[in-house]
Amino acid sequence: MNTPEKLIIFDTTLRDGEQSPGATMGQADKLRIAKQLERMGVDVIEAGFAASSPGDFAAIQAIAQVVKNSTVCSLARANLRDIEKAGLAIQAAPRKRIHTFIATSPLHMEKKLNLQPGQVIEAAVSAIREAKKYTDDIEFSCEDASRSEPEFLYRIIEAAIREGANTINIPDTVGYAVPSVFGEFIKNLREHVYNSDQAIWSVHCHNDLGLAVANSLSGVHFGGARQIECSINGLGERAGNCALEEVVMAVKTRKDFFNLGCYIDTRQLVPVSKLVSSITGFPIQPNKAIVGANAFSHASGIHQDGVLKARDTYEIMTAEEVGWNTNKLVLGKLSGRSAFRQRVRELGIPTKSEEEINEAFARFKELADKKTDIFDEDIQSLFDEQYTEQQNIKFVSLKQASETGKRPYAEIVYLENGVERHGQAEGNGPVDATFNAIESCAKSGAELLLYSVNALTLGTQAQGEVTVRLSFGGRMVNGNGADPDILAASAKAYLDALNKLNVVREKKNPQFGNDAAAV
């Protein structure tokens, strides 16, 4: 039997996923996710857009210094400044790639770039020529390819490959394609580009019509692409990107149909999914394929009976295969440091020192006094606060009074740069009073855009995980907090968001500007 061709998994959670409003990640967040992506076996990690901000440049540099097995990639528009920034950012990586792009549809070329087709080709060729100074691994994308004229695509792709691009990416930038047409579209391009065999073909599909996974798989099976660009949980701007966990399990589960080699450690899918959800504050809906809480649940009596007799009657994959076996009770208040350390390692939580583990173990003991059973999600949450870029504001205590018929009241104590702050206020409800108490001291002027509560585990003793989204001065940030007391979790989340607002981070989004675009 022939060895199946390899399908390259290109993860863009840290770049395109970050363009989802409110999903901005700090350097520590990005490092944490990148390490987990590498551990999972992702082939290419698009770590960011180096020219967008000094912060993004520094994050890509940091990832390039620690990631050894995956290729580290930076996005760059087709101009010399962007290419130089990308090249310098990825310099330390053993495997490095520059991903440059330019819009190719008539609409984008005329309305956004204000360039003639010949000028667009010239810009693409110049960018690739410049990128070769930094790496031999160069990817070229035709932004809005699914609405571009095929004859123009033949010309620009041929020129890109001649100049040295060894990966050609065909994005469905606005989620316009449908599967049968998109697969044929990729096939047609490969047949008409005379030097198509000199490059790996890639697809990057958005989910505006809910077809990103289907379009990507069509581009691979019918079109002959051998790289899929995707993100954890389908995170991305507007309706999101192709979901990594879904395409990986589709290819693995239906290997009889796709006959492609995909070497992702699927047991890491659920842990990585939860990590990204926790960092971005975007909860995973229960019925989400593969990583949703109900993905392997059976409510129907007929289904339950069938599963009890033989799991494959209703399950085409096992929960253990994608990492759900880690959702089990392992520790309690009598558990020791060694057992805790071992579980942290099993969960793949990156730690820098024994001191970091000791600090988390102390918080674990505090939590174990509040709730009887400690689950993996609880352990994960103990480390979340350690990865905030600057913990200048820290929760100390909360006193809250709420009684039917009376206006709720809250008193908050927190540290700001080591100075103790006391705030008190009333509100329309307990949470409103808590936030008002914080603002009575902070006076941030921020607007609350989102307040979301999720239970980390089952049962009445579950920790509540709260996400707060604040907006100020055109910036949006997510704050996260976890605690068995939902009001304390709310206060922690609000303070976490204030921490992030205090971090000066001017970021230029690649989808804006006359010469900019989003793949």
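All heavy atoms count here, side chains included; hydrogens, waters and symmetry mates do not. Numbering starts at 1 and runs along the sequence shown.
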Worksheet item: Hey, are D137 and T135 close enough side-chain-wise for a donor-acceptor pair under 3.5 Å?
Response: no
Worksheet item: Quick check: does any side chain N or O of S148 sit under 3.5 Å from a backbone N or O of S105, one acting as donor and the other as acceptor?
Response: yes
Worksheet item: With distance as the sole test, does K252 use its side chain to make a donor-acceptor pair with the main-chain N or O of C262 at under 3.5 Å?
Response: yes
Item to complete: With sequence neighbours excluded, give me every salt bridge (charged side-chain N to carboxylate O under 4.0 Å, His left out) pair touching residues 164-175.
Response: none
Response to the item:
The ring-ring contact (aromatic ring centres under 6.0 Å, His included) partners of F182 (sequence neighbours excluded) come to none
Fill in: Flag, side chain of T71 to backbone of V44, donor-acceptor distance under 3.5 Å
no
Practice prompt. Kindly say whether A76 contributes a backbone atom to a donor-acceptor pair with the side chain of T100 at under 3.5 angstrom?
Written response: yes
Item to complete: Indicate whether any N or O donor in one side chain lies under 3.5 Å from an N or O acceptor in the other, for E46 and T12.
Response: yes
Discussion item. Per the salt bridge (charged side-chain N to carboxylate O under 4.0 Å, His left out) rule, what does the pair list look like for residues 212-222, sequence neighbours excluded?
Written reply: none
Practice prompt. Taking D11 for its side chain and T13 for its backbone only, find out whether a donor-acceptor pair lies under 3.5 Å.
Written response: yes
Discussion item. Assess the residue pair K500 and D496 against the criterion (salt bridge (charged side-chain N to carboxylate O under 4.0 Å, His left out)); give the C-alpha distance rounded to whole Å, side-chain angles, the decisive distance to 0.1 Å, and a yes or no.
Written reply: CA-CA 7 Å; K500 293 175 181 176; D496 184 39; 3.6 Å; yes
Discussion item. Looking at Y176, I'd like to know if its OH atom is crowded, meaning that more than 12 non-hydrogen atoms belonging to other residues, nucleotides or ligands lie closer than 6.0 Å.
Written reply: no
Worksheet item: Does any non-hydrogen side-chain atom of F185 lie less than 4.5 Å from one of L153?
Response: yes
Practice prompt. Spell out, as yes or no, whether a donor-acceptor pair under 3.5 Å connects the side chain of S218 to the backbone of P179.
Written response: yes
Worksheet item: Where the side chain of S273 meets the backbone of L269, is there a donor-acceptor pair that is under 3.5 Å apart?
Response: no
Discussion item. So if I apply the side chain to side chain donor-acceptor pair (under 3.5 Å) rule between D56 and each of K30, Q27, Q61, which one comes out positive?
Written reply: K30
Discussion item. Determine whether a donor-acceptor pair (N or O, by modelled atom type, separation under 3.5 Å) exists between the side chain of S70 and the backbone of V42.
Written reply: yes
Under 3.5 Å donor-acceptor pairs involving side-chain atoms of residues 88-96, not counting sequence neighbours:
{"unit_1": "R95", "atom_1": "NH1", "unit_2": "K68", "atom_2": "O", "d": "2.7"}
{"unit_1": "R95", "atom_1": "NH1", "unit_2": "N69", "atom_2": "O", "d": "3.4"}
{"unit_1": "K96", "atom_1": "NZ", "unit_2": "A93", "atom_2": "O", "d": "3.2"}

Response to the item:
Correct closest heavy-atom pair for A289 and E245 would be O-CG, 4.4 Å
Discussion item. For a 4.5 angstrom cut-off between non-hydrogen side-chain atoms, does K133 reach E84?
Written reply: no
Discussion item. Looking at D43 and F10, would you say the former's side chain and the latter's main chain have a donor-acceptor pair under 3.5 Å?
Written reply: no
Item to complete: List the steps and the verdict of salt bridge (charged side-chain N to carboxylate O under 4.0 Å, His left out) for K112 and E143.
Response: CA-CA 12 Å; K112 186 178 67 174; E143 192 205 356; 2.8 Å; yes
Discussion item. Donor-acceptor check, side chain of S202 to backbone of I228, threshold 3.5 angstrom: yes or no?
Written reply: no
Worksheet entry | Minimum side-chain heavy-atom gap I232-L37 below 4.5 Å | yes
Sequence neighbours excluded and cut-off under 3.5 Å, please list the side-chain donor-acceptor pairs for residues 207-216, or say none.
{"unit_1": "N207", "atom_1": "OD1", "unit_2": "L211", "atom_2": "N", "d": "3.2"}
{"unit_1": "N207", "atom_1": "OD1", "unit_2": "A212", "atom_2": "N", "d": "3.0"}
{"unit_1": "D208", "atom_1": "OD1", "unit_2": "R238", "atom_2": "NH2", "d": "2.9"}
{"unit_1": "D208", "atom_1": "OD2", "unit_2": "R238", "atom_2": "NE", "d": "2.7"}
{"unit_1": "N215", "atom_1": "ND2", "unit_2": "A177", "atom_2": "O", "d": "3.1"}
{"unit_1": "N215", "atom_1": "ND2", "unit_2": "L211", "atom_2": "O", "d": "3.2"}
{"unit_1": "S216", "atom_1": "OG", "unit_2": "A212", "atom_2": "O", "d": "2.8"}

Worksheet item: Is the charged tip of K6 near the ring of Y263: under 6.0 Å from the six-membered ring centre and within 45° of its axis?
Response: no
Fill in: Contact list for residues 210-232, test salt bridge (charged side-chain N to carboxylate O under 4.0 Å, His left out), sequence neighbours left out
E5-R226
